[in-house]
2 protein chains.
Amino acid sequence: MPSEKSENGRSVNQRVTIREVAAKAEVALSSVSRALSGHPDVSDEMRKRVKDVADELGYEPNLVAQSLRSGVTRTIGFVVRDINNPMFALLARSCEQELRRNGYSMILVNSDRNIENENRNFSLLRRRRVDGIIASLVSEDSPYIKKNLAGPRCPIVLLDREVKGINASAVLADHAAGVHQAVTQLIKAGHREIAFVTGSNNVYPTRNRLQGFTKAFEDANLKVQPDLMAIGGFDADYALSHARILLHRNPAPTAILAGGHGALMGISRALKEKNLTMGKEIAFIALDQLPYLEVFSDNISTVYRDTEAIGREAAILILEGIEGEKPRVSVIETEFIERASSQGSI
Amino acid sequence: MPSEKSENGRSVNQRVTIREVAAKAEVALSSVSRALSGHPDVSDEMRKRVKDVADELGYEPNLVAQSLRSGVTRTIGFVVRDINNPMFALLARSCEQELRRNGYSMILVNSDRNIENENRNFSLLRRRRVDGIIASLVSEDSPYIKKNLAGPRCPIVLLDREVKGINASAVLADHAAGVHQAVTQLIKAGHREIAFVTGSNNVYPTRNRLQGFTKAFEDANLKVQPDLMAIGGFDADYALSHARILLHRNPAPTAILAGGHGALMGISRALKEKNLTMGKEIAFIALDQLPYLEVFSDNISTVYRDTEAIGREAAILILEGIEGEKPRVSVIETEFIERASSQGSI
DNA sequence: CTCTTAACTGGAAACGTTTGCTATAGGCAA
DNA sequence: TTGCCTATAGCAAACGTTTCCAGTTAAGAG
């Protein structure tokens, strides 16, 4: 392994460039470039000669220079609304895997539920000249949204967001179907006071879930009770305060749906305060694929969506965009998985 | 907000360059560069003029070109051994936050517990000319390790790894102390058959933990029982098969320590198979800060380490390295947090 | 034997910045 | 007035690649 030793007299701090390879191989720069990049106009002999010298010198092409010249960075930006939500870790991971399989790297940036941060993140990624951006937006109507989504030559994939007037690709989960199944099941089991804690109404998943929720009541010829729906924020503190109110209601809810990680955190704290156990005194259903749920407790009923599939699909869509294909929307199914916690005391 | 509209006649696909800013402001390229980068040799009038034009045109400097010219990418590579371990999500997140606060981006790559992947990851990051690499290595003696850690001009921070003959910085957790506390506590409570499932011996954390483990027995004038120590792999399957063996032992262990995420997964499955509950028939202690533990069940005793502090510290060390400071090792304390699960049936 | 063509190879210009050096202008001291 | 210094601005050369274009060689056709 000759490339391991610090190459004759040359300083170990200096990186070897294509120029040195060319010199040592006694060929032109352009030939080195072609030989190593798999260009067809190169003789076998030349290619071998160059490759040998490159290996010998431990040449590693400078991707920065390649990017500048070729205009392509082979990098995708991933803007995530709230990295504290473990669902996004799962999502980003599967997405990164798929991208890497296709020769792309990922730069992940976190907006921390803040629109200004989000805007800065987009700007950063543009300055880095990423080839595409996958984004989980804080909201669907930020003042910067037009600027950031209609950018020059940079395909966008939106995650679970609908922004009108933008032709970006998107991966949407069909939350409504799973929620409909779940609530229908609860109703069948005799539940009537079904509470729902979920995010704010200005994003697609909330709207979509509520559609499924209300439709389940309609289909059962029941009226949905508005004061059992806590809509307005994804964070745990919000969920906690609203869960407290819900639990003190009269009549008390006999079942409760948690719309995502934050809601689950808040609700589980509120339940503990009242010494209630999920699935015992109150039926409980979690939305989203929360990795720790599957990992640790196997009795929580869930409206499942395949988060890793979403990540992969996002990668596929962004690669399509880079290839110049038209943006398109991809829908991921959800499914109610019934386990012990949705039984409750009824 | 004039920069939002697609700037007079110019194609929206073309990015505006420093050259166009210079032309429109009727000054030299170099003046634009200096004005925007805060160089001192610029008059106030020039700076204002340039900034106004830059804003007007929506100029966003090309970081690729900047990097090529300046030799600095303001990017840190993060090589993670196994992204499936949720601890790393936590770690990477806090690290990224700290880096970003200092104007750096992070590229995260996953080795998937494979040495070849790890080697490729290092190579990729070098080609991208990252300014530094933070790495959680698969093992401490891969054949590529010398090449990858003694690289040119690129500071390295190792996470929980000791590699001799390399002068890289490192963040090490003092696992031994926490494990010692935990085991001592168990012994005091009357436990004698204490099992330990942990990773392979060729990495620092395992060795370090075992030191704490055996020392606790020595300090109590007891002999550690080698057949209760399952050493050899971090993955859940390994842990599962070994936990099965341990649970069938005679006399059965009355307490069990899980060395990290994989071990915990395996053990919890093995316990379920035998219909045992953590903290009931068998005392249970988890090592590492596993986010889902804190989040979901509040009764698991833990040898806690502040994972986010590790991430921050890694960021600090890598930034020091970039500043040209000498590598150094930073130690993070661990602490036994006693909760219900370590009571067991004794 | 010459001409055409194919198959390579080399030279040099770009990509968008930063930065060292040089030039100009005005201010101030002599 | 002259000379020098300071503050500022411009020019042009890098950074390490890719890629267009032109040139060379050898082979095959006539």
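The sequence lines fix the lettering, A, B, ..., with proteins before strands; numbering per chain opens at 1.
- Side chain of A:Asn114 to backbone of A:Glu116: a donor-acceptor contact under 3.5 angstrom is found.
- A:Ser169 contributes a side-chain N or O that, together with a main-chain N or O of A:Arg328, makes up a donor-acceptor pair within less than 3.5 Å.
- Residue B:Leu63 is classed as having no contact, given no heavy-atom separation below 4.0 Å to the nucleic acid.
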In sequence, state the C-alpha distance, the side-chain angles, and the governing distance for A:Ser43 and A:Arg47, and then conclude on side-chain hydrogen bond (donor to acceptor under 3.5 Å, both in side chains). CA-CA 6 Å; A:Ser43 68; A:Arg47 198 174 312 267; over 6 Å; no

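- Overall, the helix from C:dC1-D:dG30 to C:dA30-D:dT1 carries an axis bend of 50° between its ends, with five pairs at each end and the value rounded to 10°.
- Regarding contacts with the backbone of C:dT9, every side-chain N or O of A:Ser31 stays at 4.0 angstrom or more from both OP1 and OP2.
- No side-chain donor-acceptor contact under 3.5 Å links B:Thr75 to the backbone of B:Met106.
- The side-chain hydrogen bond (donor to acceptor under 3.5 Å, both in side chains) check on A:Asp82 picks up A:Asn84, A:Arg113, with sequence neighbours excluded.
- Here the P atom of nucleotide C:dA12 and the CD1 atom of A:Ile18 are 17 Å apart, to the nearest Å.
- Side-chain N or O atoms of B:Ser70 include one that pairs as donor or acceptor with a backbone N or O of B:Gln66 at under 3.5 Å.
- With B:Arg74 contributing its side chain and B:Asn102 its backbone, the two residues share a donor-acceptor pair below 3.5 Å.
- Between B:Ser33 and C:dT18, a side-chain N or O to OP1/OP2 separation shorter than 4.0 Å is present.
- Listed by residue number, the members of residues 34-54 of chain B with any heavy atom below 4.0 angstrom from DNA chain D are B:Arg34, B:Asp41, B:Val42, B:Ser43, B:Met46.
- The main-chain N or O of A:Leu137 is found under 3.5 Å from a side-chain atom of A:Arg161 such that the two form a donor-acceptor pair.
- Remark on DNA chain C: of its neighbouring residues B:Ser30 and A:Val27, the 5'-side contact belongs to A:Val27, judged by nearest-heavy-atom nucleotide.
- Residues passing the salt bridge (charged side-chain N to carboxylate O under 4.0 Å, His left out) test with B:Arg128: none are found, sequence neighbours excluded.
- Between B:Glu308 and B:Arg312 there is no salt bridge, since no side-chain nitrogen of the basic residue lies less than 4.0 Å from a carboxylate oxygen of the acidic one.
- Between chain A and DNA chain D, the heavy-atom contact criterion of under 4.0 Å yields a 5' to 3' nucleotide range of D:dG16 to D:dC20.
- With sequence neighbours left out, B:Asp160 forms a side-chain contact (heavy atoms from CB on, under 4.5 Å) with B:Leu172, B:Ala173, B:His175, B:Tyr204, B:Pro205, B:Arg305.
- Contact annotation: side chain of B:Arg69 to base of C:dT17, donor-acceptor pair absent below 3.5 Å.
- Summarising the geometry, the separation between CZ on A:Arg128 and P on C:dT17 is reported as 15 Å, rounded to the nearest angstrom.
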